[in-house]
Amino acid sequence: MNRRISCLAALLLALLAAGPLFAFDYGLSLDNSSTLEWGDSPETDPELQRDKVSLWGEQFWSGAGGARYRLLFNLYYLYTNKMAFLAEPDLLEFEMSWPDTAGGGVLDLALGRFRFFDLTGIVLDHGADGAFAELDYSVFRFSVGAGYTGLHLKPESDINMSAADWMDDADDGVHFAPRRLFEILTVRFPEIIPRQKLSVEALAQQDRRSGSGGTLDSFHTTLRWDGAAWNGFYHDLSVTGAFNLSENFQGLMARGALRWFDEDFYGSRAAAEFLYAGEDFFTLSTPTLGLVNNPAPADLLRLSLDYSIRPWNRRFSPALRNLAFSAAGRLYFTSRRAFLGQELEGGLIFRPSADFGASLTAGLWAPEGGDYRGLVRLDFSIGL
Amino acid sequence: MKKIPLMAAAACLFVSSLLSAQSGGIIDEILAENEISAESAAYLILCVAGEEPASRREAMERMRDRFARIGEKPTVGEYAFVLQNELGLPRGFFSTLFPGPRYSFRDLKFLGIIQERVHPGDRLSGERALRILGRALEEKEDRS
């Protein structure tokens, strides 16, 4: 106990000694989301109203040799039509960055609660408690991390991998997200061809649910090739294998995207994308694959086109410059190419200043041989 | 010879084009400052405002009221605050209600004038101050 107090006192003294280099920033953000739906929603009790108040803070300081340290937190209070309230820190992170480490690389370390992503952003995009380290030599990058999801509150978690997870999701007596531990290792290789990046990733996951039976351990591996194609065009191709180690089956996902950016042509952005997921493919977290129709990435082929434009880019006041219009069309098939339906989406994003933003999005889902469903969503965000 | 990064050199050229030849030596000295002084920041801002002072001390004398709450070594946030006021750069809602370094920093970050990975409380080098000033002038020109 005395040792702990001594350590804490030493840490406090060290922090006070570095006082002049300290800086603290903080803020409050308010987010409101209102949704209007038509047609039969697959959810019995859809979330139509969502209000979130977040208090964030950031403490940062510099050390010897260009080292930088940051302590970040974000504590939110959430109210929706589905639940009275939810309060939780979704970010509680200590970051360290050391330049010129291990032969000239930049070493970044993170500890605490923060979001983890995999190379595709589809298999894993979720908050967890853990650690992450990255060594970046500019041409070569290596990162390793591990996280645990079981301390997150359940309503804001979207990890539902097994039948037991889904049962817990429906049980009001269960308050925390599924207890899953994962480890992720990513390597980005040196560019043999200029501006072409090749990366590989391994993601292992263990189900820490107590009791026997119903557990699901898994392993995912991804190969990704992305980079510049030609003037203003960028490509992104990846292949991911998913292995269910508990039930011994595997699935495959392939994804390809061609993106185009042209700031001079009214800040235009366009993307053509395909996503193929085999019947037995599965992910750790639940990705968003459509505004109205959001299927799981399994037994699916999705073809999509997206376009956004800022007509007053580099003209007039910042208010008009940051007014963007977007449109998207998506076709959905099964992995054996049976047509499932199509979705059209449109949006208007308005961000006149650093402290205010609003967006209006709408979507229409037209399934093959079913009733149409529609959705309109209005979002506001204020940062104090 | 000290190597100046390409962006800083471009910003330096852009700002220098607005200054007279005699200020070139002072600009070189400011570029070499690891932590810019309030006098140097005042000098830069007055120069681009078209009121070129004879020295940095004179610049500080003329801008003393605007640097009243700022220490001898302004932070990025404090520099953003003075720059926003002097160049009349666009403000957000809360920056208008509660003017200060904190909101000015956010406004300039939003406008893309501050692009570096910095914090409002960070100290500012002469090179970075010049880069920020160059982008602020571009923003002002775009709007005029």
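Computed from heavy atoms alone, side chains included, the values below leave out hydrogens, waters and symmetry copies. First the proteins, then the strands, lettered A, B, ... as listed; each starts at 1.
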Participant: Using a cut-off of 6.0 Å, state whether more than 12 heavy atoms not belonging to A/Y79 lie near its atom OH.
Facilitator: no
Participant: If I compare all heavy atoms of A/S353 with all of B/G92, which pair ends up nearest, and what's the gap?
Facilitator: CB-CA, 3.7 Å
Participant: Can you confirm whether A/D25 sits close enough to B/H119 that some side-chain heavy atom of one is under 4.5 Å from a side-chain heavy atom of the other?
Facilitator: no
Participant: For the residue pair A/A354 and B/R106, what are the closest heavy atoms and their distance?
Facilitator: CB-O, 3.7 Å
Participant: Within the supplied structure, the quantity of interest is the number of heavy atoms (other residues, nucleotides, ligands) at a distance under 6.0 Å from B/R66 CZ; does it exceed 12?
Facilitator: yes
Participant: Quick one: which residues of residues 77-85 of chain B reach chain A at under 4.5 angstrom, heavy atoms only?
Facilitator: none
Participant: Measuring from atom OH of B/Y103 to atom CG of A/L384, what distance do you get when rounded to the nearest 0.5 angstrom?
Facilitator: 5.0 Å
Participant: Taking the side chain as everything from C-beta on, heavy atoms only, tell me whether B/P120 gets closer than 4.5 Å to A/F24.
Facilitator: no
Participant: Give the minimum heavy-atom separation between A/D355 and B/S95, together with the two atoms involved.
Facilitator: OD2-N, 4.2 Å
Participant: Counting heavy atoms not belonging to A/F380, are there more than 12 under 6.0 Å from its CZ?
Facilitator: no
Participant: With the side chain counted from C-beta on, respond yes when B/F93 and A/I382 share a heavy-atom pair under 4.5 Å apart, and no when they do not.
Facilitator: no
Participant: Would you find more than 12 non-hydrogen atoms of other residues, nucleotides or ligands less than 6.0 Å from A/Y266 atom OH?
Facilitator: no
Participant: Please collect all salt bridge (charged side-chain N to carboxylate O under 4.0 Å, His left out) contacts where either partner lies in residues 62-79 of chain A, sequence neighbours excluded, each pair once.
Facilitator: A/E58-A/R70, A/R68-B/D122, A/R70-A/E95
Participant: For A/R269, look at atom CZ and say whether over 12 heavy atoms of other residues, nucleotides or ligands are found less than 6.0 Å away.
Facilitator: no
Participant: More than 12 heavy atoms of other residues, nucleotides or ligands under 6.0 Å from CZ of A/F265: is that the case?
Facilitator: no
Participant: For A/F325, is the CZ atom crowded, meaning more than 12 foreign heavy atoms sit under 6.0 Å from it?
Facilitator: yes
